[in-house]
Structures are given as C-alpha cells and as structure tokens.
Protein chains: 2
Amino acid sequence: MSKVTIYDISKKLNISAATVSRALNNNPKISIKTRELVLKTAAEMNYEQNTLALALKSGKSNTVGILVPYMDRSFFSSVIRGIEEELYPHGYHVIICQTRDDAKSEVQNINTLLNAQVDGIFMSVSKTTKDTLHIDRVLRKGIPLVFFDRKKNLPGVSSVTIDDFNGAYMSVEHLIRQGCKRIAHFMGNINLEIYKDRYNGYLKALTDYNLPYNKEYIIQTNSKVESGTAAVKKLMKLAEPPDAIFSSSDFTALGAIQELKKIGVSIPEDMCVSGFSNESFTQYTEPTMTTVDQTPIKMGKMSARVFLEQMEGEVSVTIEKKVVLSPQLIVRDSSDRSKK
Amino acid sequence: MSKVTIYDISKKLNISAATVSRALNNNPKISIKTRELVLKTAAEMNYEQNTLALALKSGKSNTVGILVPYMDRSFFSSVIRGIEEELYPHGYHVIICQTRDDAKSEVQNINTLLNAQVDGIFMSVSKTTKDTLHIDRVLRKGIPLVFFDRKKNLPGVSSVTIDDFNGAYMSVEHLIRQGCKRIAHFMGNINLEIYKDRYNGYLKALTDYNLPYNKEYIIQTNSKVESGTAAVKKLMKLAEPPDAIFSSSDFTALGAIQELKKIGVSIPEDMCVSGFSNESFTQYTEPTMTTVDQTPIKMGKMSARVFLEQMEGEVSVTIEKKVVLSPQLIVRDSSDRSKK
DNA sequence: TAATTAAGCGTAATCGATTACAAAAATTTC
DNA sequence: GAAATTTTTGTAATCGATTACGCTTAATTA
C-alpha cells in the first residue's frame with residue numbers, strides 16, 4: 001500500500017523536498033547529478049505523484065465534463081470517444097453525464113461538474129432546455145465551454161456542429177433524384193437549432209427543384225420509434241400520401257419503416273425513407289436505411305482541439321470559434337431505386 | 001468569477017476559519033447562533049466548498065472509475081447508468097474508460113484511473129486479458145474493486161454477475177419446446193467465464209432433454225455481426241444443418257438472421273434463433289429477436305451497493321461478495337412458433 | 001587574486017479545508 | 001461568589017506538491 005511522497009525521497013537522500021520536486025519536473029535549475037539520483041530513487045521507491053495535491057496547488061483538476069442527452073446513442077458515444085482520444089495524451093480525464101433530454105437534470109449535472117471542479121465542459125444541450133442560467137454560471141466562472149451538435153447561440157462560446165442545413169438538402173435532393181415528388185418531413189423539436197436547420201434545408205431543396213410545399217407533409221416528431229409509426233399512420237390517411245419521407249432522426253425513420261412494411265407499402269418502390277445520424281442500427285434494418293453521417297468522432301476531436309486552444313492561450317482571452325463540419329449522405333436500400 | 005474560501009468568511013465575521021469549517025459541517029461543538037450566522041454569510045458570499053482541497057485532506061477523491069469493453073453497447077451503458085444512479089446520492093462522480101476489448105488498453109486505463117486517485121474501480125474485463133498484474137496493483141493499493149458481468153476469479157474481489165448458465169439453459173429449453181432438435185451454439189471467447197457458463201448451460205439442457213451433442217454445431221464466434229454470417233454459412237454446408245441457433249451474443253445472432261434470410265431459410269419455421277444480452281436493436285430486427293435480458297441496471301446498482309458497503313465498513317476488512325442475478329428470457333418472433 | 005556572476009539548493013509560504021489540542025468564555029455547582 | 005465543569009472558539013499542524021526568494025558554493029571575468 002504505497003504512499004511515497006517527495007518528502008520520503010528528500011529524507012532518504014538528505015536533500016530538500018523542493019529539490020526533489022524540481023528534479024522530478026525537469027527544472028533546469030538543478031544539477032544533472034542530483035536529478036538523476038532523484039529520478040532513480042523515485043523509481044526505486046515507486047513514487048507516484050499525488051494528483052490531488054497537484055490539483056489543489058495548481059487549481060487545475062485535469063478533468064473535463066461531457067454532458068450529453070444519451071450516452072448510449074452511437075452518435076454521442078462516438079463524439080465522446082473522439083474527445084477522449086484527443087484529450088487523453090494531454091493528461092485529461094473525462095466525466096460523462098447524461099441529461100436524458102431533461103432540462104432539470106442538465107442543471108443538476110452542470111452543478112455536479114462545477115462542484116467536481118472540471119477544467120472545461122463539453123455539452124450538447126437537452127431538448128427541453130429553455131433558459132441558460134446554468135450555462136451562464138459556467139461562463140461567469142471562466143470555465144471553457146464547448147457546444148457540440150446541439151448548441152445555444154451565446155456570445156463567447158465556441159461550438160462544433162455539422163452543416164445540418166446542407167445535410168438535409170443533400171438528403172432531399174437525393175430523394176428527388178430518385179423520382180420522389182411528394183416528400184414528407186419528420187421534424188424534430190424546433191427548440192433545437194439542428195432541427196430548424198434540417199427543416200430549412202428541406203425547404204430549400206423543394207424550392208430549388210420546384211416542388212410544392214405541402215404543410216400536411218410536415219409532421220412534428222420526437223425522435224422516438226413510436227413517433228415515427230404514428231407519423232406514418234397520419235400521412236397514409238391523407239388523400240395524397242407522400243412518396244418519400246425525410247426524417248430528422250433515425251429513430252423515427254425506423255418507426256416509419258416498420259409501420260410501412262406492416263401496411264404493405266414497399267420501400268423504396270412506393271416510398272423512399274431517409275433518416276439522420278447514421279445510428280449503428282441503420283445498417284441492420286430491412287431495408288437498410290439511408291441516412292446522414294455526422295462524422296461524430298471528428299466532431300469530438302475538433303471540440304477537444306477548440307478546448308485545448310482555449311486552455312493553452314492566455315487566461316484573459318476568450319476564444320470564440322464556430323466550427324462547422326460537413327455531413328455525409330449515406331445512401332442505402334431504403335431510398336435506392338437504382339438497384340431494381 | 002467566485003473563489004470564496006472559508007478564510008474570506010472568517011475574515012468577514014472576525015472569527016477563525018476553524019469555526020467556519022465547523023459551522024459548515026454541522027459540527028455539534030458550535031453555538032447555534034454562530035452556525036446560523038456562518039451559514040447565512042456563506043450563502044450570501046456564494047461560498048462553494050473546494051472539493052480538491054477536501055480531496056487532498058481526506059485522501060478521498062469521491063470519484064470512481066468504470067472500465068468497460070464498449071460504452072456504446074446498451075448492456076454496458078445501462079450498467080453504467082445503474083452505477084451512476086446509485087452512487088450519485090452519495091456524492092461520487094464517475095470516470096468511464098473503454099478498453100475496446102484490448103488488454104493493453106485495459107492496463108493503460110487502470111493506470112489512468114489509479115493516477116486520478118479514484119476511490120474505487122468497477123470493471124468488466126476485456127476479452128483478451130490474460131494476466132492480472134494490473135488488477136493486482138489495484139488490490140495492493142487497497143482500492144475497492146468490483147467486477148461486473150465479466151469477472152476474473154480473484155480472492156478478495158467482489159463481483160456482480162448474472163447466472164449465465166441458467167440464462168443459456170432457459171434459452172435452449174425454450175428452443176427445445178418449440179420443437180427444435182438440432183440446436184447449434186455460437187460460442188464466445190472461452191477466455192471469459194460468461195461464455196464458458198453459457199456453453200455449459202447449453203450442454204446441460206441438451207443432456208436433460210436427451211438431445212445428442214454434435215460437435216459440428218458448436219461454432220466459435222467473436223460477437224461481431226460478420227462472425228454470425230460466417231457461422232451460418234458453415235452450418236448450412238453440413239449434411240444435416242441445425243434447426244435452431246442459440247447464440248451467446250446478440251450481434252452474432254443478428255448476422256445469422258441476415259444470412260439466413262439471404263439464403264431463404266425462414267425464421268422461425270425452418271430455424272429458430274436466439275441471442276444474448278437484449279441489445280436495443282434486437283427489438284428492431286426482422287423478425288424481432290429472442291434474447292436474454294441481463295438486468296443491467298440492476299447489475300449496476302448492485303455493484304454500486306457492494307462498493308458502498310466496502311467503503312462504509314472498516315478499512316482493514318475486505319468484503320468479498322459474489323452477487324449473482326437472475327437473467328430473464330425474452331421470447332420474440334425469431335423463435336416463437338406458436339404464433340403461426 | 002579579488003570581484004562578479006551564475007549555478008545549485010534550502011527555507012518557507014501557498015493552495016483550501018479539517019481537526020487535535022489548548023485556551024477562553026459561559027454555565028453549573030456548592 | 002469562587003470553583004468546577006461544560007461549551008465554544010482559536011491556534012497551529014496537516015494533506016502533498018510547487019515556487020518565489022535568498023543563501024551557499026562554484027565558475028567566470030578582470
């Protein structure tokens with residue numbers, strides 16, 4: 001049960017703890033002889049730096065917090081992985097919190113992270129978050145904050161997102177090229193920018209290709225599977241049902257596919273379906289699902305880099321960087337009419 | 001940018017920091033009048049306890065580490081959630097590390113966690129882990145360790161697992177009751193106890209129901225989808241292919257279903273398929289997949305409770321507790337012949 | 001060789017909170 | 001009202017590492 005401190009080393013060598021500390025930190029103001037001796041002795045004694053003492057002294061915990069709605073969605077877990085991989089070599093650890101899309105839990109988790117004295121916070125805001133008092137608290141404390149994917153537009157805060165507008169545009173354009181003329185849209189919670197952007201990308205594509213806008217084709221959904229099945233039921237009751245669905249979420253698209261198969265609508269012949277996020281299950285559905293990849297690992301790495309830049313710069317200078325990554329359309333069977 | 005310490009409070013009130021500390025900690029050796037005054041002033045000044053200082057003083061970081069092979073599998077992320085929910089009220093944070101089933105990464109992550117001075121470690125060992133030197137280091141340091149699901153049998157270490165033997169037995173028994181007589185098994189890495197137990201449960205069920213054991217029906221797989229498709233290809237080449245598959249993993253079962261559909265074998269009529277873990281995609285496959293639920297949230301909560309028990313007990317007493325939970329068979333379409 | 005400069009190391013303060021021990025104040029007892 | 005007791009508060013050490021400042025030496029320069 002080791003608890004070797006620099007004092008133990010200093011006693012053994014009859015030198016001061018300061019010298020030991022300097023030797024261990026490669027401080028130039030130390031003779032090579034002493035440094036080697038200390039290093040050797042430290043190794044022999046199995047010395048390990050007490051990170052808690054270091055944290056107290058430096059005021060840096062070397063820990064960052066990541067706040068996501070759901071950590072078991074492949075999109076979010078991949079972003080987390082990206083952040084981890086980038087931050088790991090810099091000596092940071094990661095604390096992960098889930099909000100489960102609940103604003104209250106978000107506030108609570110922010111408090112937890114602040115209490116843990118994290119050096120930075122990465123977050124994707126919850127669907128239900130309205131006010132930003134808890135976020136203001138983070139900023140007032142001068143703790144670097146980076147939004148990824150789901151952001152709030154706040155001055156002085158960096159963010160890494162994808163071009164949701166373009167992702168949507170590409171999807172709808174693809175559907176149009178498959179010959180679809182009546183394209184429905186499963187819209188996410190408009191409280192979040194990403195869903196607003198996807199909706200606007202959808203609109204722009206319709207306009208550019210001279211397709212009519214039909215209000216009945218816009219269905220409000222909540223990125224749950226059941227929400228997708230319900231939406232399809234609604235759409236199929238219309239006098240003229242759509243011939244394609246552009247869903248803002250893979251989950252609702254999945255629900256749609258299930259319901260369409262159930263009522264005998266063939267995909268993609270009678271109806272093309274496309275989702276958003278490239279969740280891992282999209283490659284297992286039948287038919288496999290067309291979707292938009294959000295390059296989550298890259299998003300995580302970029303977020304981490306933005307954070308590191310902030311940390312390495314001057315304390316007083318706040319860097320506000322808005323990184324926008326390009327999404328990638330992944331065409332699969334649920335919308336690919338060329339195969340048959 | 002607040003940085004209020006107990007010294008700031010003590011100066012303001014012209015009392016000693018010790019008194020402030022005592023008041024804040026509800027120490028009985030303090031007059032009610034002073035306590036109230038301190039509490040009120042602390043609130044006014046927005047005092048927040050410096051957890052790093054507390055950690056250094058107490059030697060407790062109030063952080064635990066969780067080590068899993070993959071954090072984006074619903075089984076593991078649910079266990080993590082269970083641990084979090086149970087530990088949260090006790091003031092612990094959680095650092096999550098992924099090994100991606102790589103033994104080297106496991107060693108490295110253990111070091112990272114020890115370096116972060118976690119108060120305890122929860123882990124599910126990686127598939128490739130052979131020796132346990134890194135685990136011994138944890139034990140030698142006296143840091144409570146709890147295995148969940150995938151354990152190593154080490155003296156003095158607690159574990160929370162499910163009864164894999166019985167989970168397998170129930171599955172195979174169910175297949176037999178569906179009329180299956182030639183049941184194949186996708187076996188996982190025998191290096192892990194869980195897969196050994198599942199295999200033995202499979203064997204016992206065959207024996208109990210007087211079904212012959214066919215060595216050709218045992219396929220070594222690696223819980224990847226492709227491994228399942230390959231296994232099916234192998235099985236279908238046999239003179240007498242099986243009429244059921246009991247897979248030790250949902251992923252390989254998924255591969256099997258995909259391949260079977262491709263070659264025109266109907267499920268469950270010609271072949272019943274069952275998986276293991278109740279991954280969330282199993283309810284979306286076509287047909288939906290029979291599987292075994294491992295009650296992961298409960299597993300997480302139990303693990304946390306075992307840890308808390310160890311923490312609350314005497315330091316010198318090591319509690320070794322082996323908790324075994326009951327798995328739950330979930331029958332779905334891939335093995336349910338009663339419907340048709 | 002004396003004077004100047006630099007290198008190497010030690011002393012002690014610091015980060016913020018807790019707590020054993022001691023001292024002061026308040027209360028009780030006779 | 002003095003002594004004994006109890007309650008309340010203060011002093012100072014502690015957790016382990018870092019670092020400004022200053023003091024010895026050794027090296028350099030004149």
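Chain naming here is simple, since letters A, B, ... match the order of the sequence lines and numbering starts at 1 in each.
A salt bridge links A/K141 with B/E48: at least one charged nitrogen is closer than 4.0 Å to a carboxylate oxygen. Between B/R150 and B/D101, at least one side-chain nitrogen of the basic residue sits less than 4.0 Å from a carboxylate oxygen of the acidic one, meeting the salt-bridge criterion. Comment: B/K40 engages B/E44 in a salt bridge, judged by a side-chain N to carboxylate O separation of less than 4.0 angstrom. Salt-bridge formation is detected for the pair A/E320/A/K322: a Lys NZ or Arg NE/NH1/NH2 atom is positioned less than 4.0 Å from an Asp or Glu carboxylate oxygen.
Checked against the 6.0 Å centroid criterion, the rings of B/F307 and B/F122 qualify as a close aromatic pair.
When the side-chain contact (heavy atoms from CB on, under 4.5 Å) test is applied to A/P296, the partners found at least two apart in sequence or on another chain are A/F75, A/S78, A/V79, A/D293.
Distance check, rounded to the nearest 0.5 Å: CG of A/N109 to CD of A/Q98 gives 9.0 Å.
Within the structure, ring pair (Phe, Tyr, Trp, His ring centres under 6.0 Å) pairs that include any residue of residues 21-41 of chain A do not occur (at least two apart or interchain).
Within 4.0 Å (heavy atoms only), A/L56 reaches at least one base atom of the nucleic acid. A/I6 comes within contact range of at least one nucleobase, with a heavy-atom separation under 4.0 Å. As judged by a 4.0 angstrom heavy-atom cut-off over every strand, A/N27 is placed among residues making no nucleic acid contact.
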Original post:
After noting the C-alpha distance and the side-chain angles of A/N50 and A/T5, does the key distance pass the side chain to side chain contact (heavy atoms under 4.5 Å, CB included) rule?
Top reply: CA-CA 8 Å; A/N50 185 321; A/T5 72; over 6 Å; no
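Over its length, the helix from C/dT1-D/dA30 to C/dC30-D/dG1 turns its helix axis by 50°, as judged from the five terminal pairs at each end, rounded to 10°.
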Enumerate all atom pairs, one protein N or O and one N or O from nucleotides 6-9 of chain D, separated by less than 3.5 Å.
residue, atom, partner, partner atom, Å
D/dT9, OP1, B/S31, OG, 3.3
D/dT9, OP1, B/T34, OG1, 2.7
D/dT9, OP2, B/S31, N, 3.1
D/dT9, OP2, B/S31, OG, 3.3
D/dT9, OP2, B/T34, OG1, 2.9

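Boundaries of the chain B contact region on DNA chain C are C/dG16 to C/dA20, first to last in 5' to 3' order (nucleotide atom under 4.0 Å from a heavy atom).
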In residues 297-305 of chain A, what donor-acceptor pairs under 3.5 Å come from side-chain atoms, sequence neighbours left out?
residue, atom, partner, partner atom, Å
A/S303, OG, A/M299, O, 2.7
A/R305, NE, A/E86, OE2, 3.1

